[in-house]
Amino acid sequence: MEKLAVVSSSPLFEMLSSAELAHLAELSERRRYSAGDVVFEEGERGDSLYLIARGEVELTRRDGGGVSRPLTVLGAPGFFGEMSLIDLEDRSATVRARTDTELLRLTTEHLATFRQQHREGFTFLVLNIARILSARVREANARLSARQG
């Protein structure tokens with residue numbers, strides 16, 4: 001897995017320059033998980049986002065009775081974990097590898113380093129996260145409306 005190719009393919013980094021993409025790739029950490037491994041648990045403190053380079057992950061969330069319910073399955077070039085970077089809250093879901101999976105991890109520390117050297121690129125990154133989160137909220141609202149209708 002070439003880190004630059006993974007970073008360049010992510011919608012999180014649209015509008016970033018090639019130098020900015022290369023810096024993010026350099027900062028990122030490779031992580032490998034076997035099928036069934038937990039990447040992180042709902043309720044844990046979040047300090048990073050993950051880009052999917054290969055494989056699939058499943059996101060689940062506990063319902064009011066404590067039963068884990070599937071939310072979605074993500075594959076490349078998907079990503080997850082960005083919410084805790086924005087709101088500084090605990091993880092809202094559990095993420096588990098469905099298959100052998102390779103991820104790139106970017107921590108708050110990595111992004112602070114990136115921000116110091118690439119302010120414009122960091123601004124684009126934050127705007128991309130906001131745009132993507134907004135789309136996810138609209139999609140969730142549409143699903144809720146469909147269930148109620």
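- The closest side-chain heavy-atom distance from Leu111 to Leu24 is below 4.5 Å.
- Rounding to the nearest 0.5 Å gives a distance of 5.0 Å between CD of Glu82 and CG of Leu133.
- Linking Ile, Leu, Val, Met, Phe, Trp and Tyr whenever their side-chain heavy atoms come within less than 4.5 Å leaves Leu88 and Ile86 in two separate clusters.
- More than 12 heavy atoms of other residues, nucleotides or ligands sit less than 6.0 Å from atom CD of Glu14.
- Taking hydrophobic clusters as Ile, Leu, Val, Met, Phe, Trp and Tyr residues chained together by side-chain heavy-atom distances below 4.5 Å, Val126 shares a cluster with Met83.
- In this structure, the side chain of Ser134 does not engage the main chain of Ala130 through any donor-acceptor pair within 3.5 Å.
- In this structure, the side chains of Phe80 and Leu103 come closer than 4.5 Å at one or more pairs of heavy atoms.
- Using a distance-only test at 3.5 Å, with no hydrogens or angles considered, a donor-acceptor pair links the side chain of Lys3 to the main chain of Ser28.
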Show your reasoning for whether side-chain contact (heavy atoms from CB on, under 4.5 Å) applies to Asp100 and Arg54.
CA-CA 8 Å; Asp100 291 347; Arg54 182 181 62 82; 4.3 Å; yes
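- Interatomic distance, CZ of Phe114 versus CZ of Arg119, reported as 11.5 Å (0.5 Å rounding).
- Between Leu85 atom CG and Ser48 atom OG the span is 7.0 Å, to the nearest 0.5 Å.
- One finds the OG atom of Ser17 at 6.5 Å from the NE2 atom of His118 (value rounded to the nearest 0.5 Å).
- For CD of Glu120, the number of neighbouring non-hydrogen atoms (other residues, nucleotides, ligands) closer than 6.0 Å is 12 at most.
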Taking it one step at a time, do Tyr33 and Tyr50 satisfy ring pair (Phe, Tyr, Trp, His ring centres under 6.0 Å)?
CA-CA 12 Å; Tyr33 297 87; Tyr50 295 82; 7.0 Å; no
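- Arg96 places no side-chain N or O within 3.5 Å of a backbone atom of Asp37 that could act as its donor or acceptor partner.
- The cluster map of Ile, Leu, Val, Met, Phe, Trp and Tyr, joined by side-chain heavy atoms under 4.5 Å apart, puts Val38 and Leu59 in different clusters.
- Atoms OG1 and CZ, on Thr113 and Arg115 in that order, are 9.0 Å from each other to the nearest 0.5 Å.
- Under a cut-off of 6.0 angstrom, the local environment of CZ in Arg45 is crowded, with over 12 non-hydrogen atoms contributed by other residues, nucleotides or ligands.
- The minimum heavy-atom distance linking Ala97 with Ser34 is given by the pair CB-O, 3.5 Å.
- No side-chain heavy atom of Glu102 sits under 4.5 Å from any side-chain heavy atom of Arg31.
- Between Leu51 and Leu49 there is a side-chain heavy-atom pair separated by less than 4.5 Å.
- For the pair Phe40 and Gly81, the tightest heavy-atom approach, listed with the atom from each and the gap, is CZ-CA, 4.3 Å.
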Salt bridge (charged side-chain N to carboxylate O under 4.0 Å, His left out) between Arg105 and Asp47, intermediate numbers included:
CA-CA 10 Å; Arg105 179 177 181 243; Asp47 71 342; 3.2 Å; yes
Between Arg62 and Ser68, is the side chain to side chain donor-acceptor pair (under 3.5 Å) condition met? List the steps.
CA-CA 4 Å; Arg62 289 185 297 274; Ser68 185; over 6 Å; no
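- Of the N and O atoms on the side chains of His110 and Thr107, at least one donor lies less than 3.5 Å from an acceptor on the other residue.
- Between Glu58 and Arg98 the shortest side-chain heavy-atom distance falls below 4.5 Å.
- A continuous path of Ile, Leu, Val, Met, Phe, Trp and Tyr side chains, each step under 4.5 Å between heavy atoms, connects Met15 with Ile129, placing both in one hydrophobic cluster.
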Assess whether side-chain contact (heavy atoms from CB on, under 4.5 Å) is satisfied between Ser84 and Glu89, documenting all intermediate values.
CA-CA 5 Å; Ser84 65; Glu89 295 289 330; 5.9 Å; no
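- Tracing side-chain contacts under 4.5 Å through hydrophobic residues (I, L, V, M, F, W, Y), one never reaches Val73 starting from Leu71; they form parts of separate clusters.
- A donor-acceptor pair under 3.5 Å is formed between the side chain of Ser145 and the backbone N or O of Asn141.
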Using salt bridge (charged side-chain N to carboxylate O under 4.0 Å, His left out), reason through Glu42 and Arg91 one step at a time and then give a plain yes or no.
CA-CA 5 Å; Glu42 180 180 346; Arg91 299 291 191 187; over 6 Å; no
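- For the residue pair Arg131/Asn128, the side-chain donor-acceptor check at 3.5 Å is satisfied.
- Nearest approach of Pro11 to Pro77, heavy atoms of both residues: CD-O, 3.9 Å.
- Ser8 places no side-chain N or O within donor-acceptor distance of the main-chain N or O of Val6, the cut-off being under 3.5 Å.
- In this structure the side chain of Arg30 reaches within 4.5 angstrom of the side chain of Leu104, judged on heavy atoms.
- One distance of note links CZ of Phe122 with CG of Leu16; it measures 11.0 Å at 0.5 Å rounding.
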